[in-house]
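Below: one structure, written as structure tokens.
Counting from 1, the numbers follow the sequence of the chain as shown. All figures in this text were calculated on a predicted structure; none of them were measured in a lab.
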Amino acid sequence: MSAHTHPRSPQPAAGGVDFKLPWWGVVLPAIAFFVLLALVIGSGDAHAVSGNGTLTHLVDRIHESLSH
């Protein structure tokens with residue numbers, strides 16, 4: 001049994017590719033961009049936590065091993 005094909009549209013697309021982008025395809029990346037931008041701009045007031053924690057020691061050891 002053969003499948004029926006759809007006829008081509010009489011008007012070709014002006015720019016070549018014709019597609020529709022949903023509203024959330026523009027809004028969600030824009031929101032994510034502005035949230036990350038706000039985090040980067042607001043990080044000037046951040047202060048590092050001082051202490052001899054395990055994580056700090058591990059990061060120091062990795063830094064030392066990469067620098068040699």
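Every residue two or more places apart in sequence or in another chain that forms a side-chain contact (heavy atoms from CB on, under 4.5 Å) with Leu28 is listed here: Trp24. Among residues two or more places apart in sequence or in another chain, the side-chain contact (heavy atoms from CB on, under 4.5 Å) test is passed with Val27 by Trp23, Ile31.
Here the CD1-OG distance, from Ile62 to Ser67, works out to 12.0 Å after rounding to the nearest 0.5 Å.
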- Taking it one step at a time, do Val40 and Leu36 satisfy side-chain contact (heavy atoms from CB on, under 4.5 Å)? CA-CA 6 Å; Val40 169; Leu36 290 174; 5.6 Å; no
